[in-house]
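Predicted model only: the values in this text are computed from it and were never measured. What you see below is based on every heavy atom in this structure, not just the backbone, and it leaves out hydrogens, waters and symmetry mates. Proteins come first, then strands; the chains are lettered A, B, ... in the order of their sequence lines, and each starts at number 1.
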Amino acid sequence: MKKFVLAALTVGLSTSTAFAATDITWWHGMGGNNQAVINEISKRFNESQDTCNLTPVSKGTYEEALASGIAAFRSGEQPNILQVFDAGAATIMNAKGAAIAAEDLINNAGYDFNREDFIEGVRYFYADSDGKFVGMPFNSSAPIMYINTEAFEKAGVEPPKTWEEFEQIAPALKDAGYTPLVQSQLTWEMTENFFSRNNLQFATNNNGYDSVDGTEILVNTPEHVMMYDKLKDWYDNGYFGYYGAGWSDNQKPFEEDKVALWVGSSGSFGGLQKSAQMPFSATFLPYWEAIEGAGTNSFIGGAALFALSGKDDAQNQCTADFFQFLTSPEIQYFWHQSTGYVPVTTAAYELAKEDGWYEKQPVAEVGIKQLSLPGGEWSKGYRMGFYPQIREVMEREYNKIFAGETSVEDAMNTIQKEGNALLGRFAKTASN
Amino acid sequence: MQAVQSSFYLEDPFGFSATFVGFDNYIDALTSDYYLHVAKFTLIFTILVTFFSLALGLLLAAKADDVIRGSSSYKTLLISVYAIAPPVAGLIGMMFFDQHIGPFVKMAAWFGWDMKVGINYFDTAFAMITVAVWKQIPYNFIFILSGLQSIPVSVREAAAIDNRSRFGRFWTVTLPLLAPTAFFLLIINMTYSLFDTFGIIDVIVKDKAANNPITLVYKVYMDGFRGNDIGGSAAQSVILMLIVLVLTFFQFRFIERRVHYN
């Protein structure tokens, strides 16, 4: 035991004396390949300079990272950088003083922050209503539709751009022996991005951006109800397969060549290359032709990095340095190539194009193309407090729809009611 | 204690502000349809898991007690399941019930049961209870077996002379002598069903409860750790604590009276 303590001490001392660098930590919610890439990026950052030393720590899932970040913040042990996922963005952004806006941090560190450097689709989601970047967009993804090319050859039809087109070809795909459509996360793909792709309002108060007071969710609107009526109808006719709220349960039949179309994440593409048993391509998430003004870009999924407050200037300087490093075209391109997440800056996108990456991997470009589509009034983002809990209510009610335990109309009314109760509760916590 | 205090406040997740709201958090929880629905499932779940894991543990122990040859390998086989951690048990159980590859699902299909664990409420509840019972049987088995073996041979022989029916002997002699063990196990099994099944539930619902059955403990976790609603989840955990207190009190007051220690 004594020996162990001594050894630990020596190691501790030697590392702290070897670099008189400022230590900063980064908590994130990624595992597997993505975690390995994060470690590699951190290593490159540490090697690129000698004033800062960054340590990345995986806290499990997105939810766990947010929960541990919050718990640590409350006890004053917060990391410098916390990764917060899309649905949790409102939680941290409404807690005024929890995070230093990325834009301020970078400007204070003596860099020049330019919002226009970022691609259209990522500019607003983690920004406040004035457009100031609060979170630093990091791993951004879009829900895209993967195509089993063989299924389409067999059925002799073309992949759909709109849901109307899907309805026309679904019987042919079914006759060819495939389940025409599956998806992996109804909340993200068929609700949140239903609103963005069809340019429809998702919540009052400018999608929740303007204020937390009186923000109400708008899920029982006729268009959104129609989307789920259709999904249920397709499900009953065997045009849509649904295997519960779990992501991979729905992905598996596609990998096994039983399904023609799968709505997944642009970030799924790396893994899918290894697991899919057939050739595949991808296209944009469909929208409804019948809805006026539809076809806009989608919200960015994934997560952003937040610089937590309560740290000294030297550490904040290092955090800013790291954000600069992270958004450099080379690192963005490396991240894009090795994970499938989209590059967040135009310069990185250009670099990937010049390098011929998309000629080799056309699927890799679908996500960023979808995010770069012209934006609409309602496709910038949404901001709702306790949104992770609202998602849980949606998951519950959507499952009930497909289990035949409730009607679409009733489900939406329940989500509306419970969602608004949660929003009201959140407004009370935030406005005090 | 912190939980009791937090339960009277409405707090923002990062702890910048806390407003005293009295019993609002409790009222919110107890008047929510979903909370009551979860409470109802927790009750049914606890009763079924406690009953089946005790009954099957007792059956196996009584049979193992009779076995003379090869008894140790038989016992080891049964007990080994206890060494599995709950999430791993959940994972193994989940593989049996997987929608795409699960052997149980295929078996159920022969009987015309289209099992959809993860979508169908009843099917998921069935899988959850089966795995939870399976995980707990070995524990009960060990205790009941040692309880059986501590019954003196002389008593058994005397009983054998008095009563020829094996079942009759078991009912009138063995079972009352087992009562202290059984009472202890009853409490342990109830707390197991209420709290320790968390890992199993988490794996079976795959982190997304959706419309699947969950217990009160899982709801506390969802609201507190996933939803970051500290006041609400603190109130729920206080309610849960009270339930356990009341349960334990009743058990000691009414059931233990009928238990005779030597």
*Could you walk me through whether B/Phe126 and B/Trp113 pass the ring pair (Phe, Tyr, Trp, His ring centres under 6.0 Å) check?*
CA-CA 12 Å; B/Phe126 178 82; B/Trp113 181 5; 5.2 Å; yes

At a heavy-atom separation under 4.5 Å, does [X] approach chain A through its side chain, its backbone, both, or neither?
X	result
B/Glu11	both
B/Asp223	both
B/Tyr121	both

Looking only at the aromatic ring of each residue, does the gap between the centers of [Y] and [X] stay below 6.0 angstrom?
X	Y	answer
B/Tyr139	B/Phe143	yes
A/Tyr382	A/Tyr387	yes
A/Phe402	A/Phe240	yes

[X] portion near chain B, given a 4.5 angstrom heavy-atom threshold:
X	answer
A/Tyr243	both
A/Ile92	both
A/Arg425	both
A/Lys400	both
A/Glu397	neither
A/Tyr62	neither

_For A/Tyr126, the option from A/Val134, A/Asp86, A/Leu305 that meets side chain to side chain contact (heavy atoms under 4.5 Å, CB included)_ = A/Asp86

*asked:* Looking only at heavy atoms and a cut-off of under 4.5 Å, which of B/Asn228, B/Asn120, B/Asp229 has the most pairs with chain A?
replied: B/Asp229

*asked:* Take a 6.0 Å sphere around CZ of B/Phe195 and say whether it holds more than 12 heavy atoms from other residues, nucleotides or ligands.
replied: yes

*asked:* Tell me whether B/Phe23 at atom CZ has more than 12 heavy atoms from other residues, nucleotides or ligands lying less than 6.0 Å away.
replied: no

*asked:* My understanding is that only one of B/Lys208, B/Lys219, B/Arg226 makes a salt bridge (charged side-chain N to carboxylate O under 4.0 Å, His left out) with A/Glu392; could you say which?
replied: B/Arg226

*Looking at A/Asp249, A/Thr91, A/Leu422, which makes the most heavy-atom pairs under 4.5 Å with chain B?*
A/Asp249

